Amino acid sequence: MTDAFAKPELRDLVRQFTRKEIVPHLDGWERAGEVPRDLHRRAAELGLLGIGFPEEVGGEGGDLLDSIVVTEEIIQSGGSSGLIAALFTHGIALPHIVSSGDRDLIDRFVRPTLRGELIGCLAITEPDGGSDVAGIRTTAKADGDSYIVNGTKLFITSGARADFATTAVRTEEGIKLLVAEGFTVTRTLEKMGWHCSDTAELSFVDVRVPRTHDVGGFHELMRHFAAERLSLAVQCYATAQRCLDLTLAWVRDRHTFGRPLASRQLVRHRLAEMARQVDVARTYVRHTAERVASGEQLVTEVAMAKNTAVAACDHVVDQAVQLHGGLGYLRDTEVERHYRDARIMGIGGGTTEIMNEIIAKQLGV
Ligand SMILES: Cc1cc2nc3c(=O)[nH]c(=O)nc-3n(C[C@H](O)[C@H](O)[C@H](O)COP(=O)(O)OP(=O)(O)OC[C@H]3O[C@@H](n4cnc5c(N)ncnc54)[C@H](O)[C@@H]3O)c2cc1C
């Protein structure tokens, strides 16, 4: 059986990029609270930002599986899920614009973003709630050729740096997605993890958005959630794999009571359980991604994939910190960062509970 995820050349390219351009700087970006714009340009030069986007819109071609390989390889080479969130926010900000097929919007927003010149974000969540997407309150009132947008968006990834926001609004015709500029960053939010990924509160006060910037309704919004959830699921098992690798190296080296930790049955069984959970998560997520890439519209399986990977990641990062002892609790120890970064996975892109609601509906209850 051929391995659709082997892609040795792509993996090699991403590994070298990560080791050279990311790993030496990641601690500094974690302290700065954001990644520099220059990183977007360098990633674009290598073609990494355009992977998974068609050449007709300025992308590099490739599909969801190529994007998955990039995510896996960045994290497993010493990057992090926070770095992925910051550098690849366009993965959630652009697809609706691309799907709209609007040439002007593609030229104005998609191409420059894939060249690393612009930064976009996806603004759905509001202070009153994120899970209930249909309940958003930001309004867009039609006024001639424009909409006038008013409201607040909260927890927006890359919002502090964003040049534009693909924004969910309520219009007289129902929920729409508008590509908006001219909003204000009212707060940059401090978080438990994902420190290198800026997260913002955005305010829209009488922001005028041309009606031509309408890139879809509620259906399009929900349709693109599958790719975001799968990406988060990949970040989960890749983070878990990285933590397993780091822990394996550590338990071979670390001696207690005159013997390596790796020689203790308790430790060995913990490692075996970590490896089992990583492998089950990876296998199921990749299988689901292959089905999505081949054109199937999966919602329940994607929800199951996300919850499976989140549970594996939560378990493995916790065990990795425990097996590292005091070192595992120290800032600047890589497993400590992954432990903090991992906590968002069951919250972002639809919480574990909301994924279970999707699964339960499919069960008919
Ligand atoms: C670091 C970070 C980055 C983010 N990036 C973005 C972004 O780029 N764009 C964006 O739009 N949003 C973003 N979000 C927001 C994220 O998607 C929301 O936080 C998430 O969807 C949950 O919404 P909420 O925080 O309003 O929680 P709520 O919806 O208020 O839920 C609170 C709790 O109640 C549970 N709950 C809710 N409804 C039910 C129910 N019916 N049954 C059982 N339990 C329920 C939830 O699972 C959760 O545990 C980000 C959040 C964070 C923290």
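For ligands, and for the atoms within them, numbers begin at 1 and follow the listed sequence. Every value quoted in this text rests on a predicted model; they were computed, and no experiment measured them.
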(request) Could you tell me whether some N/O pair between Thr351 and ligand 1 is separated by less than 3.5 angstrom? (result) yes

(message) Would Phe155 count as a polar contact of ligand 1, with the cut-off being nitrogen or oxygen pairs under 3.5 Å?
(response) yes

(message) Can you confirm, on distance only, whether ligand 1 has an N/O atom lying under 3.5 Å from any N/O atom belonging to Ile124?
(response) yes

(message) Below 4.0 Å, non-hydrogen atoms only: which portion of Ile344 touches ligand 1? Side chain, backbone, both or neither.
(response) side chain

(message) Tell me if the aromatic rings of Tyr329 and His324 count as close, with their centers under 6.0 Å from one another.
(response) no

(message) Glu301 vs Arg229, test: salt bridge (charged side-chain N to carboxylate O under 4.0 Å, His left out). Steps then yes/no.
(response) CA-CA 11 Å; Glu301 291 82 353; Arg229 287 172 185 161; over 6 Å; no

(request) Indicate whether any N or O donor in one side chain lies under 3.5 Å from an N or O acceptor in the other, for Trp194 and Ser81. (result) yes

(request) Decide whether an N or O pair under 3.5 Å exists between Lys191 and ligand 1. (result) no

(request) Please determine if Gly348 has a nitrogen or oxygen closer than 3.5 Å to a nitrogen or oxygen of ligand 1. (result) no

(request) Decide whether Glu126 and Thr138 meet the rule of one side-chain donor and one side-chain acceptor closer than 3.5 Å. (result) yes

(message) Taking distance alone, with N or O pairs closer than 3.5 Å, would you say Glu126 contacts ligand 1?
(response) no

(message) I'd like to know if atom 1 (C) of ligand 1 has any protein heavy atom within a distance of less than 4.0 Å.
(response) yes

(request) Could you tell me how the ring of Phe164 sits relative to the ring of Phe109: parallel (under 30°), tilted (30 to 60°) or perpendicular (over 60°)? (result) tilted

(request) Tell me yes or no: between the side chains of Thr113 and Glu117, is some donor less than 3.5 Å from an acceptor? (result) no

(message) Side chain or backbone, does Glu353 bring an N or O within less than 3.5 Å of an N or O on ligand 1?
(response) yes

(request) Consider every N or O of Ser131 and every N or O of ligand 1, then say whether any pair is closer than 3.5 Å. (result) yes

(message) Can you confirm, on distance only, whether ligand 1 has an N/O atom lying under 3.5 Å from any N/O atom belonging to Gly130?
(response) yes

(request) Using the six-membered ring of Phe17, assess whether NZ or CZ of Arg42 lies under 6.0 Å from its centre and within 45 degrees of the ring axis. (result) no

(request) Answer yes when Arg161 and Asp198 have at least one side-chain N-carboxylate O distance shorter than 4.0 Å, and no when they do not. (result) yes

(request) Determine, considering heavy atoms only, which of Thr352, Asn356, Ile354, Thr89 sits nearest to atom 40 (C) of ligand 1. (result) Ile354

